[in-house]
Amino acid sequence: MRTKLIEKPSSRSPKDIDIDNMCSDVEVLEYECPCGKGKIVEEHDYTPGFREHDVNILCNSCSKKYTLDLKKGVRNWELIEK
Ligand SMILES: [Zn+2]
């Protein structure tokens with residue numbers, strides 16, 4: 001099961017963007033969780049020497065009820081009921 005991608009407002013000031021670019025190059029995608037109280041966060045870190053691709057359920061009730069199936073890769077995660 002896939003959930004809806006949360007569109008993030010691009011309201012950051014140029015100052016914030018400069019600081020982020022100096023530290024790392026991280027892509028973060030946020031999705032709604034099944035109950036709607038929390039979210040699912042997919043992170044892709046492209047910082048040289050520190051490449052990390054991860055996805056987590058940031059919701060107390062959904063993290064107990066569901067697990068993430070990453071057999072097809074982090075970008076193709078599927079929520080499955082435990
Ligand atoms: Zn939830």
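Just so you know, residue 1 is the first one in the sequence shown, and it goes up from there. One-based numbering, in listed order, for ligands and for the atoms of each.
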message: Are more than 12 heavy atoms, taken from residues, nucleotides or ligands other than Asn60, located less than 6.0 Å from that residue's CG atom?
response: no

Val55 vs Leu70 side-chain heavy atoms within contact, under 4.5 Å: yes

query: Any side-chain heavy atom of Asp25 within less than 4.5 Å of one from Asp45?
result: no

query: Would one find more than 12 heavy atoms of other residues, nucleotides or ligands at under 6.0 Å from atom NZ of Lys71?
result: no

field: Glu32/Lys39 salt bridge by N-O under 4.0 Å criterion
entry: no

field: Sum of protein N, O or S atoms, each under 2.8 Å from the Zn ion (ligand 1)
entry: 4

- prompt: Within a reach of under 6.0 Å around CZ of Arg51, are more than 12 heavy atoms found that belong to other residues, nucleotides or ligands?
  reply: no

